[in-house]
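Everything numeric in this text was worked out from a predicted model, so none of it was measured.
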Amino acid sequence: MASLPTWWTTRNVRNKVVLITGAARGIGAGLAERLAADGAKVALVGLEAEEQQRVADRIGPAARSWQADVTDWKALQTAVEGVVDHFGGIDVVIANAGIATTGFVRSVDPEAFERVIEVDLLGVWRTFRVALPHVLERRGYLLAISSLAAITHAPGMANYAAAKAGVEAFCNSLRAEVAHLGVKVGVAHPTWIRTDLVESADAHPVFGKLRNSMPGPIGRTYPLEVALRDLQNGIRRRARTIHVPRWVGAVKLFRAFLPPVIELGSRSRVPAADRAALADIAHRGAREASITGHGGRAAAESSARK
């Protein structure tokens, strides 16, 4: 099939204001750069102010950065008001901010466990709620970044899987609520993408080995460019669902059969990992053993300051 002309593929983002959370690195930063190249004005919102400002500086006048924790109502409201004052409104919101921790339910640091749900699920709700009045004005588009983990619930990822499954359910309900108002809602399901978060998890002395033992395509890590390409194309058409890569959509068809398959495959790996996790916690402490990625550390520090 012949590729669509540029004017067609960029019609939904050219001259549109796109707010992206978690835009300091990885998917958020990459999308900001790609959408700005499509002609969008991009508002970067997140915790890592210096790194995020570097992204804005690379993009140029079409980008501006605001520091805000997506779990903080006041900070989000201030950031959104700043975006509207600067750019004149908001057309698209991409709720990308997300963190992960490592740990089994019986031994993971409780605060670290709950912080993932605060950021990855409640952060999406708070971002959308604060920005929604402005998106309604422009009959725009809301996109939440969920994950393959919403479909395949692996051991050691209970909080992340629960949060990402909640994001999918939240978007499905919201879509029906705002369709008559002209707003479209999408949810994206990337598999393992080579980002700081995934590389940090892979480097974990216990859970990196467990993750890398996942079989077949479910265990494969894809280049960041694969995710950016598929997400960019989905945003251009205001897609209902974006699967990265496409086979993730097929996995959804077998969702009901996956838990027992995962349980069976985990029987030979989890006992040793469980013992190793306890030893790692004894050595480094529960908090340090749970943190993955720069975003996860920034979220932990933000939480400690509250």
Once you measure the plane-to-plane angle for His189 and His243, does it fall in the parallel (<30°), tilted (30-60°) or perpendicular (>60°) bin?
parallel

Would you say Tyr141's side chain and Ala239's backbone share a donor-acceptor pair under 3.5 angstrom?
yes

Please name the pair of heavy atoms, one in Leu142 and one in Leu132, separated by the smallest distance, quoted to 0.1 Å.
CD1-CD1, 3.8 Å

If you apply the rule side chain to side chain contact (heavy atoms under 4.5 Å, CB included), what do you find for Val70 with Val119, and how did you get there?
CA-CA 7 Å; Val70 296; Val119 174; 4.1 Å; yes

Without swapping roles, check the side chain of Asn96 against the backbone of Ile27 for a donor-acceptor pair under 3.5 Å.
no

Indicate the atoms forming the closest heavy-atom contact of Ala188 with Leu231, along with that distance.
CB-CD2, 3.5 Å

Lys/Arg-Asp/Glu bridge criterion (N-O < 4.0 Å) met for Glu118, Arg115:
no

What is the distance from atom CZ of Arg106 to atom CG of Asp274, rounded to the nearest 0.5 Å?
4.0 Å

Taking all heavy atoms of Ala36 and all of Ile59, pick out the closest pair and write down the distance.
CB-CG2, 3.5 Å

Go through the steps to decide whether Arg25 and Glu51 satisfy the test side chain to side chain contact (heavy atoms under 4.5 Å, CB included), and finish with yes or no.
CA-CA 7 Å; Arg25 59 185 79 242; Glu51 189 67 29; 3.6 Å; yes

Check whether any side-chain heavy atom of Ile262 sits under 4.5 Å from a side-chain heavy atom of Thr152, and report yes or no.
yes

pair His134-Val80: side-chain heavy atoms closer than 4.5 Å
yes

Is there a side-chain contact between Val226 and Leu224, using heavy atoms and a 4.5 Å cut-off?
no

Looking at CZ of Phe113 and OG1 of Thr101, how far apart are the two atoms once the value is rounded to the nearest 0.5 Å?
7.5 Å

Donor-acceptor pairs are to be reported for all side-chain atoms of residues 174-182 against protein atoms at under 3.5 Å, with residues two or more places apart or in another chain.
unit_1 : atom_1 : unit_2 : atom_2 : d
Arg175 : NE     : Val185 : O      : 2.8
Arg175 : NH1    : Asn172 : OD1    : 3.0
Arg175 : NH2    : Val185 : O      : 3.3
Arg175 : NH2    : Arg240 : O      : 3.3
His180 : ND1    : Glu177 : O      : 3.2

Tell me whether Gln52 contacts the main-chain N or O of Gly46 through its side chain, where contact means a donor paired with an acceptor under 3.5 Å.
yes

How many angstroms lie between atom CG of Leu76 and atom NZ of Lys74, to the nearest 0.5 angstrom?
13.0 Å

Minimum heavy-atom distance between Gln232 and Leu31, given as atom pair plus value
N-CD2, 4.0 Å

In terms of heavy-atom contacts, does CZ of Arg129 have more than 12 from other residues, nucleotides or ligands at under 6.0 Å?
no

For a side chain to side chain contact (heavy atoms under 4.5 Å, CB included) check, start with the C-alpha distance between Val135 and Val93, then their side-chain angles and the critical distance, and finish with the verdict.
CA-CA 8 Å; Val135 177; Val93 176; 3.7 Å; yes

Checking side chain to side chain contact (heavy atoms under 4.5 Å, CB included) for the pair Thr71/Arg126: CA distance, chi angles, key distance, verdict?
CA-CA 7 Å; Thr71 68; Arg126 290 169 182 164; 3.5 Å; yes

Spell out, as yes or no, whether a donor-acceptor pair under 3.5 Å connects the side chain of Lys184 to the backbone of Leu143.
no

Give a yes or no on whether the backbone of Ala24 and the side-chain of Glu48 come within a donor-acceptor separation of less than 3.5 Å.
no

Under 4.5 Å between side-chain heavy atoms, counting indirect links through other Ile/Leu/Val/Met/Phe/Trp/Tyr residues: same cluster for Val270 and Val261 or not?
no

Could you check whether Asp72 and Gln77, counting side-chain N and O atoms only, form a donor-acceptor pair closer than 3.5 Å?
no

In short, Ala158 meets Val105 closest at the heavy-atom pair CB-CG2, 3.7 Å

Pair Arg194 + Glu225, salt bridge at N-O below 4.0 Å:
no

Ignoring hydrogens and angles, tell me if any N or O in the side chain of Ser290 forms a donor-acceptor pair with the backbone of Thr102 under 3.5 Å.
no

Pairs touching residues 241-260 that satisfy salt bridge (Lys or Arg N to Asp or Glu O under 4.0 Å), sequence neighbours left out:
Glu168-Lys252, Glu168-Arg255

Any donor-acceptor pair under 3.5 Å linking the side chain of Asp230 with the backbone of Val244?
no

Working to the nearest 0.5 angstrom, can you tell me the gap between Phe170 CZ and Trp125 CH2?
7.0 Å

Donor-acceptor pair, Asp91 side chain versus Val17 backbone, under 3.5 Å?
yes

For Phe128, all residues meeting ring-ring contact (aromatic ring centres under 6.0 Å, His included), sequence neighbours excluded:
none

With side chains defined as the heavy atoms from C-beta onward, is the minimum distance between Leu148 and Pro190 less than 4.5 Å?
no

Rounded to the nearest 0.5 Å, how far does CD1 of Ile281 lie from CZ of Phe104?
9.5 Å

Contact between Ile151 and Val248 at the side-chain level, heavy atoms closer than 4.5 Å - yes or no?
yes

Please check this pair: side chain of Arg238 against backbone of Gly234, looking for a donor-acceptor N/O pair closer than 3.5 Å.
no

Quick check: closest heavy atoms across Asp120 and Ala163, and the distance to 0.1 Å?
CB-CB, 3.7 Å

Output for pair (Glu263 CD, His153 NE2), nearest 0.5 Å, gives 11.5 Å

Arg14/Asp38 salt bridge by N-O under 4.0 Å criterion:
no

Partner residues of Arg58 under the side-chain hydrogen bond (donor to acceptor under 3.5 Å, both in side chains) criterion, sequence neighbours left out
Glu33

Got a sec, which pairs hit salt bridge (Lys or Arg N to Asp or Glu O under 4.0 Å) with one end in residues 139-160, sequence neighbours left out?
none

The side chain to side chain contact (heavy atoms under 4.5 Å, CB included) partners of Ala56 (sequence neighbours excluded) come to Leu44, Gln53, Ala63, Ser65

Donor-acceptor pair, distance only, cut-off 3.5 Å: does the side chain of Ser146 make one with the backbone of Lys164?
yes

